[in-house]
Amino acid sequence: MMALRASGRCAGTLGRLTVVRRCARPTAGGRDGSSRWEGVVGLEVHAQLCCNSKLFSGSHVQFSAPPNSLVSYLDASLPGTLPVLNKHCVEGAVKTALAVNCTINKKSTFDRKHYFYADLPVGYQITQQRCPIAVDGNLAYSLSVGKNNMIPKSVRIKQIQLEQDSGKSLHDDARTQTLIDLNRAGVGLIEIVMEPDMRCGDEAAAAVRELQLILQTLGTSHGNMAEGQLRVDANISVHQPGEPYGVRTEVKNINSARFLARAIDYEIQRQIEVLENGGKILNETRAFDYKSGQTISMRDKEGKQDYRFMPEPNLPPLIIYDNETLPANMNPQQVVNIDSIRAQLPELPCVKRTRLVEKYGIRNEHSFTLVNEDGLVQFYERVVEQTQASPKKVIGWVINDFLALLKQDNVKVHQSPISPTDMSEVLNLLEDRSISSSVAKQVSEIRQGNWKVINKLIGQVQRATHGRTSPSLVKSILEKKLS
Amino acid sequence: MRGRTVREVSQALRQGRISPTELCQRCLSLIKKTKVLNAYITVSEDQAMKQAADAEKRLQKGYVAPFNATVVQRLLDQGAVLMGKTNLDEFAMGSGSVDSIFGPVRNPWGYSEQYRERQVEGQDTEDSNWVIAGGSSGGSAVAVASWTCFASLGSDTGGSTRNPAAHCGVVGFKSSYGLLSRHGLIPLVNSMDVPGIMSRCVDDTSTVLGVLAGHDPKDSTTVQDLFKPFELPEEIDVRNLCVGIPKEYHASGLSAETLEMWGKAADLFENAGAKVIEVSLPHTQYSIVCYHVLCTAEVASNMARFDGLEYGHRSNVESSTEALYAATRHEGFNDVVRGRILAGNYFLLKQNYDDYFVKAQKVRRLIANDFLKVFGSGVDVLLTPATLSDASTFAEFTKEDNRTRCAQEDIFTQSANLAGLPAVTVPATLSGRGLPLSLQFIGRAFCDEQLLTVAKWFEQRMKFPLLNLQTLLNNPSEPLKSQTSLRAL
């Protein structure tokens with residue numbers, strides 16, 4: 001609960017959860033401002049692959065199915081069962097790797113990572129520790145600093161690896177028992193490791209957001225953090241520029257986009273304080289507690305765990321081909337071809353944004369907003385097609401008014417009753433000055449279903465008729481006209 | 001009827017000289033009479049009779065499979081009748097089939113006329129003088145040797161099929177790694193395990209192989225090439241054959257009898273026109289240690305799943321998950337298994353991994369390369385002993401612990417597992433004590449047909465005697481002069 005005195009725009013006390021915002025360089029220091037600390041943030045992102053079946057078994061994959069209803073003999077670790085690699089999962093990993101400019105390892109291998117836990121029936125996780133499927137990529141993202149100001153950033157991708165998800169443990173403290181649901185055990189994951197190129201919570205959040213968009217565009221993962229399809233662990237340390245990197249902690253359990261930046265910034269501040277007070281940072285794992293907004297030490301064992309990595313003997317090396325290396329008579333069922341996959345990649349978010357800016361002359365920040373909202377780009381483009389209003393005018397209506405209405409009612413673009421045709425009609429009327437902009441706004445609201453604004457219309461009718469109409473009659477006529 | 005091979009009996013069935021249910025009944029009654037050998041842990045009498053009845057009705061439909069191993073399923077799909085599940089060393093760890101929760105397996109040759117007539121009169125007839133069957137798949141070998149079935153399956157990781165087959169006087173075959181599916185085979189060492197086939201003659205083995213071999217999509221380590229079942233010729237010419245005798249297999253502890261028989265076999269090939277030469281497999285001396293490091297490491301990994309939560313024994317300890325796991329695993333594993341798990345985990349620790357596991361893999365590569373070199377120089381098959389000597393008595397065998405016995409016994413057999421090569425043991429003659437002595441042939445990878453052809457040629461010339469179990473069958477409850485109950489370990 002310490003007050004933070006800082007230069008720049010950083011302010012707030014940790015106790016009240018107003019942590020550093022909008023700052024690429026959180027700083028803290030003595031009164032003379034001489035020591036400047038820099039946060040160093042790397043991420044390990046686990047994305048659940050969007051496939052019909054699990055990574056090594058034929059069990060179906062489905063969110064929220066009845067407990068233990070999607071468990072095959074392999075998932076339950078019955079002896080004698082053997083893993084068989086899911087081709088679709090491999091393709092998903094390759095697609096993702098290509099989208100972040102990774103080098104695909106044409107030969108990658110699988111390993112066993114051993115530890116005992118009740119939601120891990122077989123006693124080990126199959127992962128790719130020695131030689132993952134892809135390495136050395138980079139993710140470009142943009143950081144919003146202040147209104148209408150976006151800075152391009154990038155973070156190096158160390159590697160992408162395929163691995164199994166574990167089951168779920170539900171702790172029933174009342175009966176001192178744990179319930180295990182193995183539906184998730186064995187579902188395919190890709191782990192995307194981002195190097196510690198980020199400096200604060202906002203950068204990390206922006207990078208994760210961009211990754212999420214990419215995954216959703218590719219269709220390789222739904223990337224929904226609330227449903228556990230995207231999980232982020234953060235590796236955080238602080239140092240003074242020019243000095244070597246400090247000891248890092250790992251913050252696990254960040255399952256919400258909302259809390260990602262907060263958790264990271266909290267931890268950065270916590271470490272700065274410890275060091276400023278002459279303490280040492282322990283290389284430990286910490287969990288983020290949503291309620292208090294703090295990271296809590298998870299240390300319940302002394303020393304680090306030894307996972308006793310061993311090559312997975314039941315899976316031969318994974319060989320991936322390209323047009324050059326593809327042998328002549330291969331069974332197409334057994335082939336993953338990088339070049340074919342690359343040729344079929346959809347338009348990535350960054351490309352889409354650039355295209356929108358170039359084609360329509362809109363601002364960079366607007367292109368982000370458009371791409372960020374599922375379906376909004378198509379909506380915008382259809383409106384532009386159908387209306388005489390200029391794209392630059394349309395963008396304002398789409399971003400400020402239409403989007404605001406969506407947020408108000410908490411609906412998605414495809415759920416909104418306002419169609420692009422509706423909007424373009426209104427905008428056309430606006431263009432030839434048949435209606436004013438405030439009317440246009442009201443019409444939009446009504447179309448969306450906000451009938452409170454009817455009262456305003458009734459008021460206007462009253463004024464126009466000099467109070468000679470009955471309000472309830474007007475109301476019913478209007479309702480009929482509007483329905 | 002006794003002494004008939006798969007080939008002969010299927011002819012008899014087709015010709016109506018015997019019916020499936022009659023045959024099944026005879027085998028079941030033999031199982032009952034030879035119960036003292038302790039080959040079976042489960043006799044599926046009802047199921048067997050039902051299957052025989054179905055076979056009689058010529059039902060062509062497949063069986064509705066619960067989780068069967070692929071190799072079992074392929075046999076059932078071809079109409080084979082399952083007599084039961086056989087006894088073994090616990091978790092396939094051992095070379096005597098004496099470390100089983102169901103009690104040890106006894107070698108039928110210990111009750112044979114051939115053995116008994118050579119016993120010294122007045123010799124101590126304590127119960128522990130029965131003869132071990134070898135291991136770890138001892139039950140399977142005994143089941144075949146005692147005529148209760150026509151073929152059996154075992155596993156072979158370091159010799160677990162070939163060793164008991166050699167001691168029980170039956171053919172024990174380990175195919176090339178990747179030829180037979182391991183789906184459903186409880187794993188010991190995934191990179192070495194092979195389902196083993198045992199039968200009373202080489203032809204039967206090749207018949208069974210024809211049913212079992214070939215790619216299984218459920219096992220990613222099976223080769224994708226199409227497998228063509230083969231029939232071995234009756235007339236075999238060995239004049240263009242090159243037989244290698246690895247000099248490093250003159251192990252200390254090799255009995256004089258075995259050495260002599262090995263020499264005679266080599267002469268046999270040479271006299272028939274084959275080229276017989278001495279070859280060298282220089283890294284043989286490291287195979288035992290290499291095998292043990294890799295085996296214990298994989299075992300530690302494969303046994304991690306036995307926590308009692310999903311299946312199997314589960315302790316009553318409830319204080320914490322860790323305590324539950326520890327108690328369950330301590331209770332559920334015997335000390336042989338526990339010892340291997342502890343060793344394996346030690347070798348896999350990060351600080352030890354390079355020095356032990358990686359080192360052992362490198363040595364494994366050297367051992368495999370030894371074979372490649374020899375086969376690349378024109379040698380077709382290798383001829384080696386299968387075991388150090390004939391089978392010991394139980395008393396003699398248990399003077400040393402499990403690990404020591406394995407280390408001693410596996411010397412001839414485990415290299416084939418390290419290198420993934422096919423190997424087969426063929427009974428040759430009886431020892432001075434009246435017990436089987438066998439020899440082993442090792443072949444090139446995926447040249448299983450050639451290997452079995454050579455084995456058949458040898459078998460034809462050996463004319464190994466039939467097992468005479470008359471005494472045992474006449475007095476099933478009094479195998480020896482003094483009657484004592486079976487002692488379970």
Side-chain angles (χ1 to χ4, degrees), chain A residues 56-58 68 71-85 110-126 129-130 167 169 171 175-178 180 182 185 300-301 304-318 329-331 333-334, chain B residues 66-72 91 155 178 181-193 216-224 294 297-298 300-312 318-322 324-326 329 344-353 357-358 361:
Chain A
F56 295 115
S57 78
N68 293 313
V71 184
S72 70
Y73 291 135
L74 179 86
D75 304 329
S77 80
L78 297 201
T81 52
L82 298 168
V84 181
L85 184 56
F110 292 95
D111 304 286
R112 293 185 182 180
K113 177 180 179 182
H114 298 89
Y115 61 94
F116 287 107
Y117 205 72
D119 65 17
L120 193 69
V122 82
Y124 55 82
Q125 177 201 36
I126 301 180
Q129 187 242 4
R130 285 170 299 146
S169 302
H171 300 289
R175 293 192 199 86
T176 55
Q177 63 182 9
T178 302
I180 308 291
L182 294 180
D300 57 357
K301 272 196 189 90
K304 297 191 78 170
Q305 179 140 60
D306 192 324
Y307 291 113
R308 290 168 278 122
F309 284 98
M310 185 186 93
E312 170 55 70
N314 292 317
L315 291 169
L318 171 60
N329 300 319
M330 279 298 279
N331 177 359
Q333 293 294 326
Q334 296 293 320
Chain B
F67 170 39
N68 278 335
T70 298
V71 289
V72 170
F91 281 113
S155 67
S181 170
R182 291 182 298 110
H183 170 76
L185 176 67
I186 296 183
L188 183 64
V189 185
N190 288 289
S191 64
M192 300 183 205
D193 294 344
D216 181 12
K218 295 195 188 108
D219 178 352
S220 306
T221 60
T222 53
V223 292
Q224 309 241 354
L294 297 178
E298 282 221 35
S301 177
N302 290 329
M303 299 292 152
R305 67 186 65 206
F306 295 107
D307 53 25
L309 297 190
E310 299 82 20
Y311 48 83
E318 296 212 325
S319 50
S320 72
T321 309
E322 272 135 15
L324 169 66
Y325 272 46
R329 289 164 66 77
N345 278 330
Y346 175 79
F347 295 137
L348 289 177
L349 288 174
K350 198 166 176 189
Q351 74 234 37
N352 297 329
Y353 182 76
F357 188 85
V358 175
Q361 291 287 15

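Reminder, nothing fancy here: chain letters follow the sequence lines and each chain counts from 1.
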Interatomic distance, B/Arg182 atom CZ to A/Thr81 atom OG1 [nearest 0.5 angstrom]: 11.0 Å
B/Tyr325 and A/Phe116 aromatic ring geometry - parallel, tilted or perpendicular at 30°/60° bounds: perpendicular
Separation between OG1 of B/Thr221 and CG of A/Leu82, rounded to the nearest 0.5 Å: 6.5 Å
Taking every non-hydrogen atom, the tightest pair across B/Tyr353 and A/Pro311: OH-CD, 3.4 Å
Separation between NZ of B/Lys350 and OH of A/Tyr307, rounded to the nearest 0.5 Å: 11.0 Å
pair B/His183-A/Val84: side-chain heavy atoms closer than 4.5 Å: no
Residue among A/Gly58, A/Ala76, A/Pro83, A/Gly80 with most heavy-atom pairs under 4.5 Å to chain B: A/Gly80
Minimum heavy-atom distance A/Gly123-B/Ala304, with the two atoms named: CA-CB, 4.0 Å
Trace of the side chain to side chain contact (heavy atoms under 4.5 Å, CB included) decision for B/Phe347 with A/Arg308: CA-CA 9 Å; B/Phe347 295 137; A/Arg308 290 168 278 122; over 6 Å; no
Partners passing side-chain contact (heavy atoms from CB on, under 4.5 Å) against A/Gln333 (at least two apart in sequence or in another chain): A/Asn331
B/Leu185 versus chain A, the contacting section by heavy-atom distance below 4.5 Å: backbone
Minimum heavy-atom distance B/Leu348-A/Phe309, with the two atoms named: CD2-O, 4.1 Å
Top of B/Thr321, B/Asn352, B/Asn345 for chain A proximity - count of heavy-atom pairs under 4.5 angstrom: B/Asn345
A/Glu312 portion near chain B, given a 4.5 angstrom heavy-atom threshold: neither
Among the listed options B/Ser301, B/Ser320, B/Pro217, B/Gly344, the residue most often paired with chain A at heavy-atom distances under 4.5 Å: B/Ser301
Contacts of type ring-ring contact (aromatic ring centres under 6.0 Å, His included), residue A/Tyr117, not counting sequence neighbours: none
Shortest non-hydrogen separation from A/Pro313 to B/Glu298 and the atoms involved: CG-OE1, 3.5 Å
Option in B/Arg329, B/Gln351, B/Gln361 with maximal non-hydrogen atom pairs under 4.5 Å from chain A: B/Arg329
Shortest non-hydrogen separation from A/Asn314 to B/Ser220 and the atoms involved: O-CB, 3.6 Å
Partner chain B: residue of A/Ala118, A/Ser77, A/Pro316 with the largest heavy-atom pair count (under 4.5 Å): A/Ser77
Heavy-atom closest pair, residues A/Arg112 and B/Asn190: NH2-ND2, 3.3 Å
A/Leu78, part contacting chain B, at a heavy-atom distance under 4.5 Å: both
